[in-house]
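This report concerns only the one structure given below.
Each residue takes its place number in the sequence, starting with 1.
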Amino acid sequence: MRIGYDAKRAFNNHRGLGNYSRDTIRIIASLFPDLQLDLFTPKTDSSICFDCPKNATVIQPKHGFMTSLWRTFGITKEAERRQLDLYHGLSHELPVGIEKTHIPTVVTMHDLIFIRHPELYPYIDRKLYKTKYLRSCRVADRIIAVSQQTKNDLIELWGIEEKKISVVYQGCHPNFCKQVSESQKEKVRKKYNLPENYLLNVGAIEPRKNQLLILKALKAGAIDNPLVIAGRTTDYIIELQQFIENKKLQGQVHILPNVDFGDLPALYQNASIFIYPSHFEGFGIPIVEALQSGVPVIAAKGSCLEESGGPDSRYVSPNDPADLAEQIMIIDRDNNLKNSMIEKGKAYAEQFSDEAIAKNLLSIYTNLLKQNKTL
């Protein structure tokens, strides 16, 4: 089987969409080495560490001019020339015209946050996303939603047929399942000048991620645990820094805008509690990373985070710092509870293993090919 993947995010995105693309390609390539993968990308970013699998070929435009348009309008012809058996758009999009070929298509939809929370996106971005993503959902032979929440949104907000959508949860890199040595943990602590134990938040530092709630919870509960916030910064950091200064939290809060990916497992495993109070998410990979790292999780109610964290993580209102403060103190003071959350969280996270994800994806691919042959 020859599968084409939209690999733009795999080669050019440091965040969630990039991680999803890299992990999907890695999982399929490693567990099914007899498959041939064609990775379509308009360019590659040398700052991103992504090793192309041995059974994969990178396909780029022959000319450097208007490479972004090639992804939308040029891939279809190349996909036909390469006689793909199936094409999978890993981040919301399918190339124009591919629905007119013999090639069956799958598209992964991560979220419809730009519709649920339009205030977080510029008007032009919302219009562009709706045009491109809705078209992809309509022409795709199969849609993969990364959570039940996303599936529900596709049905409710866009009227997509339920039978067309399959939920396949995201996973994370296997490095998060491995126990980091004490010497490596200490090395990472020294590298970023961190204390031995801390509360942790990982993710882009932006309003939707709601890191301000954690700061408010520290004050509301008079909690003196150190807090580490790791992620790419936006203008939202100004609001956080003003709160930190006004409430005299400078010595308690550590903000790390540039953490090397290889250091993340140790960063998680040094933490006492992982806190993820986002207002809305399509899935929440950092929660799975925390569970697999053996860290108890507190997350926000109201989107898909209960799916990511499972029944034994704790959930709070994203607008109630007192609620979050109470949960932090309950877990921090009860080692039996903490150990139980760690054990049950690891068990829950097994459904996000490479093997489980690969089985689900290949089932979708093979069923789609069978259907296509009968038409």
Side-chain angles (χ1 to χ4, degrees), residues 3-10 12-13 15-18 20-21 24 40-42 66-77 79-80 84 86-170 208 278-284 302-304 307 361 364-365 367-368 371-372 375:
I3 303 173
Y5 286 107
D6 173 9
K8 174 187 175 182
R9 301 284 195 266
N12 299 283
N13 185 297
R15 298 177 59 191
L17 293 181
Y20 172 81
S21 297
T24 300
F40 294 86
T41 180
M66 299 294 281
T67 54
S68 59
L69 290 180
W70 175 83
R71 179 174 176 247
T72 301
F73 298 101
I75 287 179
T76 296
K77 185 177 291 186
E80 282 192 291
L84 296 185
L86 181 142
Y87 183 88
H88 186 169
L90 294 172
S91 53
H92 303 116
E93 297 181 46
L94 292 174
V96 170
I98 199 162
E99 67 275 14
K100 298 177 182 178
T101 71
H102 70 283
I103 303 170
T105 54
V106 178
V107 67
T108 297
M109 296 300 297
H110 296 266
D111 60 69
L112 293 183
I113 297 173
F114 69 96
I115 294 180
R116 287 285 184 192
H117 293 278
E119 71 280 3
L120 299 175
Y121 298 82
Y123 173 79
I124 189 63
D125 287 353
R126 299 199 309 270
K127 294 293 288 184
L128 182 63
Y129 295 162
K130 183 176 180 180
T131 299
K132 294 168 73 172
Y133 300 176
L134 182 54
R135 176 200 154 270
S136 295
C137 287
R138 286 174 173 165
V139 305
D141 294 298
R142 197 73 187 169
I143 299 169
I144 290 175
V146 299
S147 66
Q148 186 63 42
Q149 175 69 54
T150 297
K151 178 177 179 177
N152 293 345
D153 283 351
L154 289 168
I155 296 169
E156 175 189 346
L157 300 175
W158 279 354
I160 305 298
E161 288 184 274
E162 181 175 3
K163 64 181 181 181
K164 191 177 182 178
I165 310 169
S166 299
V167 175
V168 179
Y169 288 125
Q170 296 177 242
R208 179 168 60 87
S278 292
H279 287 291
F280 202 90
E281 292 287 341
F283 182 66
S303 58
C304 68
E307 292 182 65
L361 286 174
I364 290 170
Y365 294 166
N367 287 337
L368 187 54
Q371 293 171 15
N372 193 58
L375 295 177

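- Remark: Lys100 engages no residue in a salt bridge (charged side-chain N to carboxylate O under 4.0 Å, His left out) (not counting sequence neighbours).
- For Thr72, there are no side-chain hydrogen bond (donor to acceptor under 3.5 Å, both in side chains) partners, not counting sequence neighbours.
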Table please: side-chain donor-acceptor pairs of residues 121-128 below 3.5 Å, with sequence neighbours left out.
from   : atom 1 : to     : atom 2 : distance (Å)
Arg126 : NH1    : Pro118 : O      : 3.2
Arg126 : NH1    : Tyr121 : O      : 2.8

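- Qualifying side-chain hydrogen bond (donor to acceptor under 3.5 Å, both in side chains) partners for Glu80, counting only residues two or more places apart in sequence or in other chains: none.
- Checked against salt bridge (charged side-chain N to carboxylate O under 4.0 Å, His left out), Arg208 has the following partners two or more places apart in sequence or in another chain: Glu206, Glu281.
- Applying the side-chain hydrogen bond (donor to acceptor under 3.5 Å, both in side chains) rule to Ser147 yields the partners Thr150; only residues at least two apart in sequence or on another chain are considered.
- Residues satisfying the ring-ring contact (aromatic ring centres under 6.0 Å, His included) criterion with His279, sequence neighbours excluded, are absent altogether.
- Scored by the salt bridge (charged side-chain N to carboxylate O under 4.0 Å, His left out) test, Glu93 finds Arg71, Lys132 as partners (sequence neighbours excluded).
- Remark: Tyr87 engages no residue in a side-chain hydrogen bond (donor to acceptor under 3.5 Å, both in side chains) (not counting sequence neighbours).
- Tyr133 pairs by the ring-ring contact (aromatic ring centres under 6.0 Å, His included) definition with His92, Phe114, Tyr129, not counting sequence neighbours.
- Applying the salt bridge (charged side-chain N to carboxylate O under 4.0 Å, His left out) criterion to Glu119, with sequence neighbours excluded, gives no partner residue.
- For Tyr5, the ring-ring contact (aromatic ring centres under 6.0 Å, His included) test picks out His88, with sequence neighbours left out.
- More than 12 heavy atoms of other residues, nucleotides or ligands sit less than 6.0 Å from atom NZ of Lys164.
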